[in-house]
Trainee: 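Please find one structure pasted underneath; my questions will follow.
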Amino acid sequence: MSELLRLMNDPELRQWLEKRQAAEQQPTAATATLIESGEARARARYQALRAAIPNVPVQLADAARRVREQARNSGFAPAFVMLTILVCIGLAGEWFFKKTVLKARFQNPLVAHTIGEFGPWIAFTLVSSGIFLAIDWPPLLHVVILFYLLAFIAARLVFACCKLSRDAGALSPFGYHRACLFIAVLAFAGATTSLTKPLSIDGDVGTVISHGFSILLLLIVFEAVWRRPGDATASRQLALVNTLYSVYAIGLWLLWVTNFLGLFWLGVYAVILPGLLSAVGRTAEAFAKGRWPSDNKNSARMVLAVRGARALVIAAAVGWITVIWHYDPNILARENPAIDAAVRGALKSVVILILADLCWQLSKAFIDERLSVADSDASSPSAEAARAGRLRTLLPIFRNALAAIVIAAAVLTVLSEMGVQIGPLIAGAGIFGVAIGFGSQTLVKDIVSGIFYLMDDAFRVGEYIQSGSYKGTVESFSLRSVRLRHHRGPVFTVPFGELGAVQNMSRDWAIDKFMLRVPFNTDVAKAKKIAKQIGEQLKEDPEIGPQILETLKMKGVEQIGDFGIELSFAFTVLPGRQTYIRRRAYTMIRDAFMENGIEFAQPTVQVGGEEKSDTAAAALTMHKKRTAEQLAQSPAPPT
């Protein structure tokens, strides 16, 4: 106890405890100061905006007066009149474009609407912009007409896109009208609020104007949410969902008002981006289907159109959020370089993953398209069928290897953008690969053997092969094994290293030989003539005739057996059809031989009947004679 008291009275220990206590209280004080300063700034901002509300009409009227006076002094009409004249001239150029240039007729209504909508829009933009650039405007009138003309052009472009989505079925009529209303108000609000600084309107007044337009846009969102079509039988669930949407919209509005633009746009993306991607994908699919009617949904061009359109939308969204994140004054990530680097890396990673997905989907669609063509060419002549079989063998392996390469490259690039040092990962992967090579010799043997089997074109998918005790139709490959389907159903998965010599029974042609046994007295010339007639009938058969390369022929007497002669027959057909054609030949030969009195030899055993009876009778006579002689020589029995 005395030692503890002595330590407590030590000046150095007391000074260390005081510093420790001050350090523990400092974060709390700093937090309290930060909260108080934030509350003070918010209160001052609110009071400034409330004080600026009465000045809104005065400053707007003053700005309009200055623009009007400058226009009058320069010999121009008011801004509204000049803007109307420019729009009318642009519409006249659009009408002229429709009447003179746009004469083509398209079968697909979506393609016709696309060209008919964007072509006149381009004409309107070029004509109105050309007239605007050709006139020397007064400074204030110039900026007013420029901003409102750009807003009008941008709004019309978005209207055309929405109409295109509606015609493609990706946007309902209700959604189309509400989207057009929202875009129109947004374009007018953007042009008006952007003019506050060039027209020397006070910053607080401009903020009040932008907040007023934001409230109007929020009301449009409320109206669209609560009036959207829904199931009347589920009114309570629908009301709950609408309430959640409304609360979410209010939260986004508060983020925008408080100038947290990065979080605001992330919240907007969370709601808008899924539906927008779906609409863009369906619109692009409908457009591509009209442009290439013969293509299926998984063709390379369709995948490029749909996935490419979605990738452009996501890339544009990422680019915009990057710009907003860079200029957002309330980004806390700037205070921490690690967080800032992680955010930038995440945004870049999104673009990398989009490109990787697009490359993979395009490659996969192209390979699948080639596989479908190869499947359709499998019944073609032998050269085309061989080429198709080789493609069906190699393309799945190439597709799997490409998937591994794309995934590895994308993952490593994303890790690099996130600040991870990928050099050690690559070195470790190399060492790991060497370790696998030494430790898994059987695996390496299987993979290397498979590579050489494929290089030698030993077998292909769909061919029937036999190797040792394994035989069956080749169904698929992996990096180390081949999958064989036996003709009775079982599946063999055989490593390439265990195949050895491969007997391929599905290449080029197949010769089938068989022998039939007939009696010794058979007319061989007649049998050969019958076989020739049967061969001609098989060749003329529309079903099996194209599969016969050399028709059925009788080669002659193969050998003479114990109970007949053996006749040899042979024919040459496409691989895999010999069993079916041999069965047909058996049936036709049997019927023809029966009609011409030719029988098939059968094994018989002949036993002689009369010779056996005479021998038995002689033996019986001799036996009786010996018995009589023995009785005569024997003494008489005693009486």
Trainee: Using the rule side-chain contact (heavy atoms from CB on, under 4.5 Å), only one of V225, V271, V221 pairs with Y248; which is it?
Mentor: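 By the side-chain contact (heavy atoms from CB on, under 4.5 Å) criterion, Y248 pairs with just one of V225, V271, V221: V271.
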Trainee: Is the shortest heavy-atom distance from the side chain of F366 to the side chain of L362 under 4.5 Å?
Mentor: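 A side-chain contact is absent here, since even the closest heavy-atom pair is not under 4.5 Å.
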Trainee: Determine whether a donor-acceptor pair (N or O, by modelled atom type, separation under 3.5 Å) exists between the side chain of Q59 and the backbone of V205.
Mentor: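 No, Q59 side chain to V205 backbone: no donor-acceptor pair under 3.5 Å.
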Trainee: Do the non-hydrogen side-chain atoms of S129 and I153 ever get within less than 4.5 Å of each other?
Mentor: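 They are in side-chain contact.
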Trainee: Indicate yes or no: at least one non-hydrogen side-chain atom of V280 is less than 4.5 angstrom from one of L312.
Mentor: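 V280 vs L312: side chains apart.
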Trainee: Aromatic rings F152 and F124: how do their planes relate, parallel, tilted or perpendicular, breaks at 30° and 60°?
Mentor: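 Ring orientation, 0 to 90° scale: tilted.
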Trainee: If we only count heavy atoms from C-beta on, is the L277 to I314 side-chain gap below 4.5 Å?
Mentor: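 With C-beta onward as the side chain, the pair touches.
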Trainee: Which pair of non-hydrogen atoms, one from V127 and one from G90, has the smallest distance, and what is that distance?
Mentor: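 That closest heavy-atom pairing would be CG1-CA, 4.1 Å.
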Trainee: Where do I131 and L86 land on the side-chain contact (heavy atoms from CB on, under 4.5 Å) test, with the steps shown first?
Mentor: CA-CA 7 Å; I131 297 298; L86 273 180; 3.4 Å; yes
Trainee: Starting at CD1 of I53, measure out to CG of D204 and round the result to the nearest 0.5 Å.
Mentor: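 It is 10.5 Å, given to the nearest 0.5 Å.
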Trainee: Ignoring hydrogens and angles, tell me if any N or O in the side chain of S74 forms a donor-acceptor pair with the backbone of A71 under 3.5 Å.
Mentor: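 Side chain of S74 to backbone of A71: no pair is present.
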Trainee: Can you check whether Y148 and F80 have ring centres sitting under 6.0 Å from each other?
Mentor: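 Y148 vs F80: aromatic centres not under 6.0 Å.
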Trainee: Could you tell me whether the side chain of L181 reaches within less than 4.5 Å of the side chain of I220, counting heavy atoms only?
Mentor: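 Answer yes - side chains close enough.
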Trainee: Assess the residue pair V144 and L199 against the criterion (side-chain contact (heavy atoms from CB on, under 4.5 Å)); give the C-alpha distance rounded to whole Å, side-chain angles, the decisive distance to 0.1 Å, and a yes or no.
Mentor: CA-CA 9 Å; V144 171; L199 296 180; 4.2 Å; yes
Trainee: Once you round to the nearest 0.5 Å, how far does SG of C162 lie from NE2 of H177?
Mentor: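 One finds 11.5 Å between SG of C162 and NE2 of H177.
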Trainee: Assess whether atom CZ of R227 is packed by more than 12 heavy atoms of other residues, nucleotides or ligands within 6.0 Å.
Mentor: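 Check fails, neighbour count at 12 or below.
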Trainee: Show, in sequence, the C-alpha distance, side-chain angles and deciding distance for F76 and I135, and conclude whether the side-chain contact (heavy atoms from CB on, under 4.5 Å) test is met.
Mentor: CA-CA 11 Å; F76 288 90; I135 299 176; 3.8 Å; yes
Trainee: Are any of the side-chain heavy atoms of E94 and L91 separated by less than 4.5 Å?
Mentor: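 In short, these two side chains touch, coming nearer than 4.5 Å.
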Trainee: Please round to the nearest 0.5 Å and tell me the distance separating atom CD1 of I145 and atom OG1 of T84.
Mentor: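 Rounded to the nearest 0.5 Å, the CD1-OG1 separation comes out at 9.5 Å.
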Trainee: More than 12 heavy atoms of other residues, nucleotides or ligands under 6.0 Å from CH2 of W226: is that the case?
Mentor: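 Enclosed.
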Trainee: Could you give me the CA-CA distance, side-chain angles and deciding distance for V185 and L216, then say whether side-chain contact (heavy atoms from CB on, under 4.5 Å) is met?
Mentor: CA-CA 8 Å; V185 176; L216 179 59; 3.7 Å; yes
Trainee: Can you see which heavy atom on A189 is nearest to which on F213, and at what distance?
Mentor: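 Looking at all heavy atoms of both residues, the shortest contact is CB-CG, 3.4 Å.
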Trainee: Mind listing the closest non-hydrogen atom pair of A315 and I354 along with its distance?
Mentor: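 Looking at all heavy atoms of both residues, the closest pair is N-CD1, 4.3 Å.
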Trainee: Is D136 atom CG crowded by more than 12 heavy atoms from other residues, nucleotides or ligands, each under 6.0 Å away?
Mentor: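 Atom CG in D136 is not crowded, with 12 or fewer foreign heavy atoms closer than 6.0 Å.
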Trainee: Are the aromatic rings of W137 and F132 close, with centres under 6.0 Å apart?
Mentor: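 Centroid separation for W137 and F132: below 6.0 Å.
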Trainee: CD1 of I215 to CZ of F222: how many Å apart, nearest 0.5 Å?
Mentor: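 If I round to the nearest 0.5 Å, the distance is 10.5 Å.
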Trainee: Report the distance from atom CG of L126 to atom CH2 of W121, rounding to the nearest 0.5 Å.
Mentor: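 So the gap between those two atoms works out to 8.5 Å.
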Trainee: Any idea which heavy atoms bring P138 and Q70 closest together, and the distance?
Mentor: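 Looks like CB-OE1, 3.5 Å.
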Trainee: Between V313 and L273, which heavy-atom pair has the shortest distance, and what is it?
Mentor: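 Between these two residues, the closest heavy atoms are CG1-CD1, 4.1 Å.
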Trainee: Can you tell me how far apart CD1 (I85) and OG (S128) are? Round to the nearest 0.5 Å.
Mentor: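 That separation rounds to 13.5 Å.
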Trainee: Taking D357 for the side chain and L353 for the main chain, is one N or O donor matched with an acceptor at less than 3.5 Å?
Mentor: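 No: the side chain of D357 does not pair with the backbone of L353.
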Trainee: For the residue pair V143 and P198, what are the closest heavy atoms and their distance?
Mentor: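 Looking at all heavy atoms of both residues, the closest pair is CG2-CB, 3.9 Å.
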Trainee: Given 3.5 Å as the limit, does a donor-acceptor pair link the side chain of S194 with the main chain of A191, or not?
Mentor: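 No, S194 side chain to A191 backbone: no donor-acceptor pair under 3.5 Å.
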Trainee: Give a yes or no answer on whether the side chain of S278 reaches the backbone of G275 with a donor-acceptor pair at less than 3.5 Å.
Mentor: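 No; judged by distance alone, with no hydrogens or angles, the pair does not exist.
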